[in-house]
There are 2 protein chains.
Amino acid sequence: MKDARKIKDLLYEQVARIGKVFSSPKRLELIELLCQGEKTVETLAREASISVKLTSSHLRELRMAQLVETERQGKNILYRLANRSVADLWVQMHTLAEDRLVELQLALQKIATRPDDLIASDRDSLIKAARKGEVVVLDVRPSEEYLNAHLPFARSIPLEELRQRLSELPKDRSVVAYCRGPYCLMAADAVALLKDEGFTAFHLREGVAEWAISK
Amino acid sequence: MKDARKIKDLLYEQVARIGKVFSSPKRLELIELLCQGEKTVETLAREASISVKLTSSHLRELRMAQLVETERQGKNILYRLANRSVADLWVQMHTLAEDRLVELQLALQKIATRPDDLIASDRDSLIKAARKGEVVVLDVRPSEEYLNAHLPFARSIPLEELRQRLSELPKDRSVVAYCRGPYCLMAADAVALLKDEGFTAFHLREGVAEWAISK
DNA sequence: TAATCATTCCAGCAAACACTAGAATGATAA
DNA sequence: TTATCATTCTAGTGTTTGCTGGAATGATTA
């Protein structure tokens with residue numbers, strides 16, 4: 001009887017190790033970044049706006065829970081998610097959070113400059129329209145992330161280059177911009193810029209990881 | 001720019017609220033229990049072997065993250081998961097843990113008295129065999145949990161009553177026992193008892209929640 | 001009214017955690 | 001060798017957490 005208690009505690013403790021990794025905001029941000037593809041510590045630190053040392057220690061937690069893998073490439077060390085299911089768990093967790101937490105829903109509403117900028121993601125019809133060329137699906141993430149994975153029929157113009165490359169986009173058709181996911185501000189910025197310049201632009205909340213999981 | 005940081009931090013902080021709930025072993029145990037159906041605080045405390053007061057405070061965390069709902073029923077208060085996706089997240093998290101953490105794999109191996117007691121869950125063929133009556137699928141959880149939900153064609157004999165009710169089971173066919181899930185010891189105990197008594201018995205690792213999610 | 005179920009508040013304790021800073025270490029490339 | 005990328009150690013700080021115990025409170029039933 002006492003033994004049964006002990007072994008049960010041990011089991012739940014192990015699962016809780018995974019939960020602990022997902023209980024820190026900064027680690028979640030790193031996970032989301034790693035969902036976009038492998039990255040060096042420096043890149044992760046810069047994109048998450050934290051020190052390299054702190055990044056390193058958060059990555060250590062991820063490593064100890066076996067959720068990431070590393071690979072040396074020259075002077076740099078590349079981190080990547082160990083598994084598709086790590087990204088899936090992140091998506092499922094933030095989806096549940098969005099479903100349950102009113103505070104999160106409110107905060108998310110502030111991101112889209114206007115609610116009508118948001119496009120309801122009807123996966124099939126968006127693909128169909130993109131295939132026919134009726135809309136332009138625009139990936140505004142850094143180009144390495146686009147190269148790693150992107151939505152079907154998407155074109156890449158990183159947010160930084162968008163202003164200079166406006167001429168590549170059509171004014172007679174809709175542009176649907178997306179970025180890393182619902183917590184990334186790049187697509188919203190892109191849509192604001194595009195609308196300013198007279199384009200018809202919409203904001204797709206989903207990123208590649210969310211898209212991959214949606215049924 | 002500074003604003004973008006702040007709003008991002010806010011978003012990840014909200015998701016981390018969910019992660020925090022899943023980062024305590026005792027809370028995970030409570031979640032697993034709640035996956036079996038609604039329960040009173042007293043029941044949860046007894047089944048998780050912790051004090052009512054501690055149970056109450058863990059349930060408070062679950063409530064504040066909007067992951068459970070409560071309903072007064074007479075003198076008791078019933079807790080239930082707010083949503084199917086809470087159970088799904090628990091299953092997905094412990095599945096990932098089992099996939100990544102060697103320590104967990106080792107600990108799980110100790111549960112099954114013998115590894116060959118475990119049956120590989122080939123969902124379709126098990127259902128087919130159960131429908132034909134070639135095997136008896138046996139639910140050894142308390143009967144309220146069976147009544148709340150159970151596997152197709154499963155019969156209910158709670159572990160506590162099993163010894164007295166052995167005559168209800170056939171000796172010429174296999175018995176496949178299951179309980180709450182991989183971290184529950186009841187099915188393993190049942191299999192050990194049945195084999196002792198000359199039955200052909202196997203242990204199905206999955207519980208109802210795992211079964212519901214498996215593709 | 002008294003008994004039961006559950007929550008809450010108080011206080012306290014030990015442990016863990018997030019973050020920062022300084023200094024040392026190791027591995028690699030030029 | 002020197003510079004770069006990354007980790008590690010030490011050390012400190014302030015916060016949060018899990019758990020315990022005692023006492024009070026509320027809601028419901030009998």
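Protein chains get the first letters and strands the later ones, always in sequence-line order, with residue 1 at the start of each.
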- Glu42(B) side-chain proximity, nearest of dT20(D), dC5(C), dT8(D): dC5(C)

- Value in whole Å for how far the P atom of dT8(C) lies from CG of Leu59(B): 11 Å

- Message: I need the CZ-P distance between Arg46(B) and dA6(C), as an integer number of Å.
- Response: 11 Å

- Query: When you measure from the side chain of Arg63(B), which nucleotide among dT8(C), dT20(C), dA27(D) comes out closest?
  - Reply: dT8(C)

- To the nearest angstrom, how far is Leu54(A) atom CG from dC9(D) atom C1'? 16 Å

- Message: Quick check on Glu168(B): does its CD atom have over 12 non-hydrogen neighbours (other residues, nucleotides or ligands) under 6.0 Å away?
- Response: yes

- Query: More than 12 foreign heavy atoms under 6.0 Å from CZ of Arg165(B): is that the case here?
  - Reply: yes

- For the side chain of Val41(A), starting at C-beta, report the closest nucleotide among dC5(C), dA18(C), dT7(D). dT7(D)

- Message: Does a side-chain N or O of His58(A) approach OP1 or OP2 of dC17(C) to a distance below 4.0 Å, or not?
- Response: no

- Message: With a 4.0 Å cutoff (strictly under), does any side-chain N or O of Ser56(A) reach OP1 or OP2 of dA6(D)?
- Response: no

- Query: Think Tyr79(A) has a side-chain N or O under 4.0 angstrom from the OP1 or OP2 of dC5(D)?
  - Reply: no

- Item | Separation of dT29(D) P from Lys75(B) NZ (nearest whole Å) | 9 Å

- Query: Under the criterion salt bridge (charged side-chain N to carboxylate O under 4.0 Å, His left out), which of Glu32(A), Glu145(A), Glu144(A), Glu71(A) is the partner of Lys39(A)?
  - Reply: Glu145(A)

- Mark yes when over 12 heavy atoms from residues, nucleotides or ligands other than Arg63(B) sit less than 6.0 Å from its CZ; otherwise mark no. yes

- Note on the structure: Between CD1 of Ile77(B) and P of dT29(D) the distance, given in whole Å, is 12 Å

- Message: Quick check for you: among dT7(D), dC19(C), dT17(D), whose closest atom lies nearest to any side-chain atom of Lys20(B)?
- Response: dT17(D)

- Task: For dA6(D), take OP1 and OP2 only and decide whether either is under 4.0 Å from a side-chain N or O of Arg60(A).
- Result: no

- Pairwise 5' ranking along DNA chain C for Ser24(A) and Gln73(A), keeping only the more 5' one: Ser24(A)

- Query: Between Arg205(B) and Glu98(B), is there a salt bridge with N-O shorter than 4.0 Å?
  - Reply: yes

- Separation of dC5(C) C1' from Lys39(B) NZ (nearest whole Å): 17 Å

- Message: Can you identify which nucleotide, out of dA6(C), dA29(C), dT8(C), has its nearest atom closest to the Lys53(B) side chain?
- Response: dT8(C)

- Query: Is a side-chain donor-acceptor pair under 3.5 Å present for Gln36(A) with Tyr146(A)?
  - Reply: no

- Item | Integer-rounded Å distance: dA6(D) P and Ile50(A) CD1 | 13 Å

- For the side chain of Ser51(A), starting at C-beta, report the closest nucleotide among dT20(C), dC19(C), dT28(C). dT20(C)

- Task: Indicate, with a heavy-atom threshold strictly under 4.0 Å, whether Ser57(A) touches base, sugar-phosphate, or nothing.
- Result: nothing

- Message: Counting only side-chain nitrogens and oxygens, does Asn76(A) get under 4.0 Å of the OP1 or OP2 atom of dA6(D)?
- Response: yes

- In whole angstroms, the gap separating P of dA6(D) from CZ of Arg72(A) amounts to 8 Å

